[in-house]
Every structure is written in C-alpha cells, then in structure tokens.
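Keep in mind that what you see is a predicted model, and the values were worked out from it rather than measured.
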Amino acid sequence: LKIFWRKTKCPQQRKILVYNAVIISQLIYGLNTLNITPAIYNRLNAFHMRGLRYILGIDHSFYSHVSNDQVLEKANLVLNKAPHSYDNFEQFKIDTQLREAKQIKLVGDMILSRQQILLGHIIRSEPTLDNTLLRPEQPYKRIGRPRYNWVDDNLHRASENLFNQDWDKNDEELVCKFLEAASDRKL
C-alpha cells in the first residue's frame, strides 16, 4: 500500500479511510481476547501513529517535533474535511455543530473498549459470575512474576471505569453492581 499512499492523487481523507478499512481492521481482528499489557498497548499505538504519520506526510517526532496528539488532531480534521484554518478538532466540532463527527481513536483504546463489550457479553450469557469468570485459587505459590489474566484485568478496568473503585472478587456488592451494569448494557 505504500504505492497507494505515495503515488495516488486521491485526497488524504480517502487514504485514511482505506487505512482504517484495510490495515486497522486486519490488525484488531481477534485481539479482543488478547491480554493487552502496557508494552503491547504502546507497540500497537506506535504502529498506528507510524501509519498516520506516513499518510499525512509528517516525519518522525524526533525530526518534526510533532507529537502524536497533534497527529491524531490533524488526522481527525482531515477525516472530517475541515478547512486548513482549523488547528483544533474540538473547536471544529463546536463551530460546525457536528455531533456525529468521525473520530480516529488509538488502536489500543479500540481494543480495550471491545474487550469491555466482550466482558459484558460473557457476564450476560452466564447467570453466575463466580463459576465462569473467576479462576480457582492455586494451592501453592508459583515462582516468578504474576501471570496476567484477561478476566482479572478487564474486571479491574471495568470497575475503575464504571464505579471508580478497585475490583475485589470477594466484595459481593461490587459483583451485584457488575451484574446490574451488564444487564443494563452499560458494560
């Protein structure tokens, strides 16, 4: 696709749409069940930023001194056909009164939000949270660093987002709140 990014005369908006449809959709396919560590999160976002920089013609931040936030801002402006006079996407949305503006999110954030949706589906499908999601206690302490667990990480992230408190599997009130949030489709 580098030939398409460089040689075609189509507008940058079309290139970003193709990038999202072809590259990003293939990248995030099936990553809902991957346990996203901070290192994987950063690598996915770096790949995404590299692609957007290439399409927009912005050099690496070391050379151009353009931050990733500014690149996302410019990509959102290009995607929504904003005039060149705008530098801020939020100001463009306010001025044009766009409520349904197309907005590019980081790949890591897209995957994390899809994981929350999948967690809600899992909770709604099984009537009890104890049997399906929680892993059994280990009879011994294993050697080495603690293993990452998809369920624990997503329950912790969801409890912070919904209730602003840490996940505790022994807190029955919090478990009931989760079941209510899942049934109300907030999760």
Contact between [X] and [Y] at the side-chain level, heavy atoms closer than 4.5 Å - yes or no?
X: Trp150; Y: Leu34; value: no
X: Val107; Y: Phe47; value: no
X: Val18; Y: Trp5; value: yes
X: Thr8; Y: Ile3; value: no
X: Lys105; Y: Ser113; value: yes

As an exercise, state the distance from CG of Leu17 to CD1 of Ile55, rounded to the nearest 0.5 Å.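 One gets 9.5 Å once the value is rounded to the nearest 0.5 Å.
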
Using 0.5 Å steps for rounding, measure from the CD1 atom of Ile28 to the CE atom of Met110.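 If I round to the nearest 0.5 Å, the distance is 5.0 Å.
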
Between [X] and [Y], what is the shortest heavy-atom contact and its length?
X: Gln115; Y: Ile36; value: NE2-CG1, 3.7 Å
X: Ile104; Y: Asn76; value: N-OD1, 2.6 Å
X: Ile16; Y: Ala75; value: CD1-O, 3.9 Å
X: Ile58; Y: Ser64; value: CG2-OG, 3.8 Å

Counterpart residues, side chain to side chain donor-acceptor pair (under 3.5 Å), relative to Asn42 (two or more places apart):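 Not a single residue meets the side chain to side chain donor-acceptor pair (under 3.5 Å) criterion with Asn42.
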
Tell me, please, which residues at least two apart from His60 pass side chain to side chain donor-acceptor pair (under 3.5 Å).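 Not a single residue meets the side chain to side chain donor-acceptor pair (under 3.5 Å) criterion with His60.
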
Give me the other members of the hydrophobic cluster that Tyr63 sits in, counting Ile, Leu, Val, Met, Phe, Trp and Tyr linked by side-chain heavy atoms under 4.5 Å, directly or via other members.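 Once heavy-atom contacts under 4.5 Å are chained together, Tyr63 belongs with Phe62.
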
Looking only at atom types and distance, does a side-chain atom of Asn45 sit under 3.5 Å from a main-chain N or O of Leu106, one as donor and one as acceptor?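 No, the answer is negative, given that no donor and acceptor are paired below the 3.5 Å cut-off.
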
When you measure from the side chain of Asn154 to the backbone of Gln116, do you find a donor-acceptor pair of N or O atoms at a distance under 3.5 Å?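 Side chain of Asn154 to backbone of Gln116, a donor-acceptor pair under 3.5 Å: no, none is there.
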
With side chain to side chain donor-acceptor pair (under 3.5 Å) as the rule and sequence neighbours excluded, what pairs involving residues 9-35 come up?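 Residue pairs with at least one partner in residues 9-35: Asn35-Asp153.
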
Return each pair, listed once, that meets side chain to side chain donor-acceptor pair (under 3.5 Å) where at least one residue sits in residues 47-57; pairs must be two or more places apart or across chains.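 Qualifying pairs, neighbours excluded: Arg6-Tyr54, Arg53-Asn68.
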
Not counting sequence neighbours, which residues clear side-chain contact (heavy atoms from CB on, under 4.5 Å) with Ser67? List them please.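 In terms of side-chain contact (heavy atoms from CB on, under 4.5 Å), with neighbours along the sequence ignored, Ser67 is linked to Asp69, Gln70.
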
